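Below is one structure, written out as structure tokens; the observations come after it.
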Number of protein chains: 2
Amino acid sequence: MAPRPAGRPRAFDRDEALRHAAHLFWQHGFSGTSTRMLTAALGISSSSLYAAFGTKADLFAEAIRSYALRYSAIYERAVAEPTAAAVVERLLLESVTEFTRTDEGHPGCLTSSAVMADTSSTFDVRKYVAGLQRTDEARLRGRLEQAARAGELPPTVQATMLADLVQTLWQGLSTRAELGATREELIAVATFAITLIPQESTNS
Amino acid sequence: MAPRPAGRPRAFDRDEALRHAAHLFWQHGFSGTSTRMLTAALGISSSSLYAAFGTKADLFAEAIRSYALRYSAIYERAVAEPTAAAVVERLLLESVTEFTRTDEGHPGCLTSSAVMADTSSTFDVRKYVAGLQRTDEARLRGRLEQAARAGELPPTVQATMLADLVQTLWQGLSTRAELGATREELIAVATFAITLIPQESTNS
DNA sequence: CAGATTATGGAGCGAATGATTCAGAATAGA
DNA sequence: TCTATTCTGAATCATTCGCTCCATAATCTG
């Protein structure tokens, strides 16, 4: 269903190139990454890069889009857990694992790279990422409110407040990953935070 | 005690120029902010800028330092509190207030702006900021370890771990401030988080 | 006043930037 | 094989970059 198009075939793996590019963007930022750094790292010429991805801003936008979806997927899997505690635990731990991935040229956490405003691409990266995160937050809040109605949370704990707290932790873990914290450190922090969240009677 | 030096006096306010420069750097990052943007926004010529601040990296570093000092001051005041709980509370609440300042052209929070996302080959921004924050983190950790030795914390709570958690919350609050959260929301989150931190017997 | 000192604006340097052009190479369908 | 199509590498375009030079202006001390 993906018929080889006419013409000379591309001599490099587009997906792999995209991953390398994302890695560079994550390390140096948008303006901090030059097209020459990209072509050198990808091992292709400038014209090949432009033919495959368009302008630098287009390439950046595509990199952001392809990786931002991973976070949404984590939220989606997390809220499917049966209890509020399991939801929070899975969300934080899987996110930490994702933030600190270094294998296969994975770019790490792109959230703060996305904050850049001056891309001037036709695609508004900032707005896109902000919207995606709003959706994720809403999903978590909805799930915790549902848990509250099910009596999973002590009456002193408002679901919205707990969602805000988890979200704050999530952002903090992301930032610390970017500052160089190791996976073990962040997992320890996340685990510790989870133990502090009060649950209804069944435990502690 | 600040005798007017010989020579032609500077025609612009150095501190105000530094604030403007910081504002631009926060918005566009280091490599995203050109010297021409700076001179245009500051209303001065290139030679004046270089005479007053040195290179672009020097100007950037000075801008970072001047704002990092605010956070250091908060940490310093916080660790002077008599109890661990008071330390954490003061740290988080005062930081939130600082993060959400909007007066006098305050450029917003340093740590989660575009500053962190945009580096250059000649200046490793992340490493520089991380280094400045390490001092604050060490101060907090030392204070909590002291509290642990004084028996203020339950034996199940390691001081280092608690410090890491508070630090993670701090980063998260900063990011959420940058994303547009209001002061009231963040204060509510911080207050809620503080209530979850266990204390030794004297208070439930 | 004269001499020393410092700041200013404008011009412009060499290097790097994002992006394009173009002749040629590699494929598909006919 | 021939034509249409697509990709490649090298050269290179115009622009912008960080930064400096320099003649001049404004202030100091004496």
Side-chain angles (χ1 to χ4, degrees), chain A residues 1-18 20-22 24-25 27-63 116-123 125, chain B residues 1-18 20-21 24-25 27-64 114-115 118-125 128:
Chain A
M1 63 181 67
R4 165 94 66 90
R8 178 173 176 173
R10 188 173 286 119
F12 61 95
D13 185 324
R14 194 179 186 282
D15 290 340
E16 191 187 335
L18 186 61
H20 278 148
L24 284 178
F25 279 133
Q27 273 188 306
H28 307 107
F30 178 71
S31 354
T33 306
S34 69
T35 55
R36 276 158 180 84
M37 291 170 60
L38 287 165
T39 55
L42 275 52
I44 64 176
S45 72
S46 169
S47 52
S48 298
L49 187 146
Y50 276 82
F53 297 104
T55 68
K56 190 175 100 161
D58 291 336
L59 171 57
F60 181 71
E62 185 170 346
M116 300 291 308
D118 54 350
T119 359
S120 77
S121 168
T122 52
F123 177 73
V125 172
Chain B
M1 59 179 67
R4 166 93 65 88
R8 178 173 176 171
R10 187 173 287 119
F12 61 94
D13 185 323
R14 194 179 185 280
D15 289 341
E16 190 187 336
L18 186 62
H20 277 149
L24 284 177
F25 279 132
Q27 249 181 318
H28 306 107
F30 179 69
S31 21
T33 307
S34 70
T35 55
R36 279 159 177 83
M37 290 169 62
L38 288 166
T39 55
L42 275 52
I44 64 178
S45 72
S46 168
S47 51
S48 298
L49 187 146
Y50 276 81
F53 297 103
T55 69
K56 189 175 102 162
D58 291 335
L59 170 58
F60 181 76
E62 185 171 345
I64 295 273
V115 168
D118 191 34
T119 318
S120 123
S121 54
T122 54
F123 190 98
D124 192 334
V125 173
Y128 188 76

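What you are looking at is a predicted structure, and each value in this text was computed from that prediction instead of being measured. Convention: sequence-line order gives letters A, B, ...; per-chain numbering from 1.
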Rounded to whole Å, CG of Asp58(B) lies from C1' of dC19(D) at a distance of 12 Å

Taken to the nearest whole Å, CZ/Arg10(A) to C1'/dA25(C) is 16 Å

*Heavy atoms under 4.0 Å, any strand shown: does Ala51(A) hit a base, just sugar-phosphate, or nothing?*
nothing

Regarding Thr39(A), tell me which of base, sugar-phosphate or nothing describes its non-hydrogen contacts under 4.0 Å with the strands shown.
nothing

Ranking Ser48(A) and Thr35(B) by the position along DNA chain D of their nearest nucleotide, the one closer to 5' is Ser48(A)

Heavy-atom nearest nucleotide on DNA chain D taken for Tyr50(B) and for Arg8(B); more 5' hit belongs to Tyr50(B)

d(Ile44(B) CD1, Phe53(B) CZ) to nearest 0.5 Å is 6.5 Å

Rounded to the nearest 0.5 angstrom, the CG-CG distance for Asp58(A) and Leu49(A) is 10.5 Å

Under 4.0 Å between a side-chain N or O of Ser45(B) and OP1 or OP2 of dT8(C)?
-> no

Presence of donor-acceptor pair under 3.5 Å, side chain of Ser47(A) and base of dG9(D) | yes

CZ (Arg14(B)) and CD (Glu62(B)) are apart, to the nearest 0.5 Å, by 4.0 Å

*Leu18(B) vs Leu59(B) side-chain heavy atoms within contact, under 4.5 Å*: yes

Side-chain contact check for Pro9(A): nearest option of dA19(C), dT8(D), dA26(C) is dA26(C)

Whole-Å distance, Leu38(B) CG to dT16(D) C1', equals 14 Å

By nearest-nucleotide position on DNA chain C, the 5'-leaning member of Phe12(B) and Ser46(B) is Phe12(B)

Rounded to whole Å, CG of Leu24(B) lies from C1' of dG18(D) at a distance of 16 Å

Notebook entry, point to check: When the ring planes of Phe60(B) and Phe25(B) are compared, do they come out parallel, tilted or perpendicular, using 30° and 60° as the limits?
Noted result: perpendicular

Rounded to whole Å, the CZ-P distance (Arg36(A) to dC13(D)) equals 13 Å

Whole-Å distance, Ile44(A) CD1 to dG9(D) C1', equals 11 Å

Leu42(B) CG to dA7(C) C1', in whole Å, measures 15 Å

Between CG of Leu49(A) and P of dT6(D) the distance, given in whole Å, is 19 Å

